[in-house]
Chemist: 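Sharing a structure below in structure tokens format, with a few things to ask.
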Amino acid sequence: MTNYWLMKAEPAEASIDDVLAMPNATVGWTGVRNYQARNFMRDGMQLGDGVLFYHSSCAEPGIVGIARVASGVTVDPTQFDPASTYFDAASKPDAPRWLLVDVQVLHKTRNFTLPQMRADAALSDMLVLKKGSRLSITPVEPQHWAHILRTLGISVS
DNA sequence: GCCAACGTTGGC
DNA sequence: GCCAACGTTGGC
């Protein structure tokens, strides 16, 4: 059973172009520091799940690409790195708090911007568009996934 | 930079 | 366990 997700990245930190420049267009999704988002990765994600790659905290927030979950969950090493902005002194190596998955970009798309998403009646009940939604990872309904791919003219087998 | 909304912390 | 204070997210 394939599931679908929307994952937010800050382009100043890891844009879709940055990921495309990496080997296999794959990045370890470091820095998730919210338990709900972590639990989605741990309990919900499976290898091969579909991912909407979203740019946040930038001039034009929106969906900029289609990706896939390219690994199972593993420990996020940045939590143990004092030099990292994601360092968590309270997390112990024998009981790691924070996890990551690898994400592989499959298609860069035009920017399906946040205002365009909000204007699209078919997406009106998407979790990420709910008032006050701040989660960096949200599940996406199959019909929303299909509608977005159709809108972007993408077919993913 | 503002601020609404939400999450986390910690005193009690 | 409650909840006030504080911190963070993220659009604008």
Side-chain angles (χ1 to χ4, degrees), chain A residues 3-22 25-45 49-69 73-141 143-145 147-149 151-152 154:
Chain A
N3 292 312
Y4 304 103
W5 309 93
L6 181 144
M7 298 177 76
K8 296 179 184 175
E10 299 189 14
E13 201 172 330
S15 72
I16 190 159
D17 290 326
D18 294 335
V19 178
L20 282 169
M22 301 188 74
T26 300
V27 67
W29 206 265
T30 56
V32 172
R33 294 294 180 270
N34 169 284
Y35 290 106
Q36 241 182 303
R38 180 204 67 182
N39 293 348
F40 283 136
M41 288 196 289
R42 187 188 63 191
D43 305 331
M45 275 190 191
D49 280 358
V51 173
L52 301 171
F53 194 111
Y54 180 94
H55 278 171
S56 69
S57 295
C58 58
E60 284 207 295
I63 295 164
V64 293
I66 306 301
R68 65 186 278 273
V69 175
V73 281
T74 54
V75 173
D76 179 347
T78 62
Q79 69 196 296
F80 304 124
D81 177 4
S84 170
T85 46
Y86 299 121
F87 179 63
D88 181 355
S91 182
K92 300 302 169 195
D94 58 350
R97 250 181 211 185
W98 305 115
L99 305 171
L100 62 73
V101 294
D102 288 347
V103 172
Q104 179 178 35
V105 174
L106 303 175
H107 301 274
K108 182 179 174 178
T109 65
R110 72 170 172 86
N111 188 352
F112 190 4
T113 68
L114 181 60
Q116 289 165 359
M117 292 170 69
R118 290 200 190 284
D120 192 330
L123 303 180
S124 59
D125 54 350
M126 268 191 90
L127 274 181
V128 74
L129 301 181
K130 292 260 159 69
K131 187 181 166 91
S133 166
R134 297 184 314 171
L135 274 178
S136 63
I137 299 175
T138 47
V140 172
E141 296 297 325
Q143 68 271 21
H144 294 148
W145 171 265
H147 179 83
I148 289 163
L149 264 62
T151 301
L152 292 169
I154 299 285

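Nothing here was measured: the structure is a model prediction, and the numbers come from that model.
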Chemist: Reckon Tyr35(A) has a side-chain N or O less than 4.0 Å from the OP1 or OP2 of dT8(C)?
Modeler: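 No.
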
Chemist: Quick check on dA4(B): is either OP1 or OP2 less than 4.0 Å from any side-chain nitrogen or oxygen of Lys131(A)?
Modeler: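 Indeed not, no polar side-chain atom of Lys131(A) lies that close.
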
Chemist: Would you state whether a donor and an acceptor, one from the side chain of Arg33(A) and one from the base of dT8(C), lie under 3.5 Å apart?
Modeler: no

Chemist: Of Phe80(A), Phe87(A), Tyr35(A), which meets ring-ring contact (aromatic ring centres under 6.0 Å, His included) against Trp98(A)?
Modeler: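 The single option meeting the ring-ring contact (aromatic ring centres under 6.0 Å, His included) with Trp98(A) is Tyr35(A).
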
Chemist: Round to the nearest Å and state the distance from Asn34(A) atom CG to dG7(C) atom P.
Modeler: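 One finds 18 Å between P of dG7(C) and CG of Asn34(A), rounded.
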
Chemist: Can you tell me how the ring of Phe40(A) sits relative to the ring of Trp5(A), calling it parallel under 30°, perpendicular over 60° and tilted otherwise?
Modeler: tilted

Chemist: To the nearest Å, give me how far apart CG (Asp88(A)) and P (dT8(C)) are.
Modeler: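 Atom-to-atom, Asp88(A) to dT8(C), this comes out as 12 Å.
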
Chemist: To the nearest Å, how far apart are Glu13(A) CD and dT9(C) P?
Modeler: 10 Å

Chemist: List the steps, then state whether ring pair (Phe, Tyr, Trp, His ring centres under 6.0 Å) holds for Phe53(A) with Trp29(A).
Modeler: CA-CA 11 Å; Phe53(A) 194 111; Trp29(A) 206 265; 5.6 Å; yes

Chemist: Nearest whole Å is fine: how far is dG7(C) P from Arg134(A) CZ?
Modeler: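 My rounded result for the distance is 14 Å.
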
Chemist: Between P on dG11(C) and NZ on Lys130(A), what's the gap in Å once rounded to a whole number?
Modeler: 17 Å

Chemist: Run Thr113(A) and Asn111(A) through side-chain hydrogen bond (donor to acceptor under 3.5 Å, both in side chains) and show every step you take.
Modeler: CA-CA 5 Å; Thr113(A) 68; Asn111(A) 188 352; 5.6 Å; no

Chemist: Any side-chain N or O of Lys8(A) under 4.0 Å from OP1/OP2 of dT9(C)?
Modeler: no

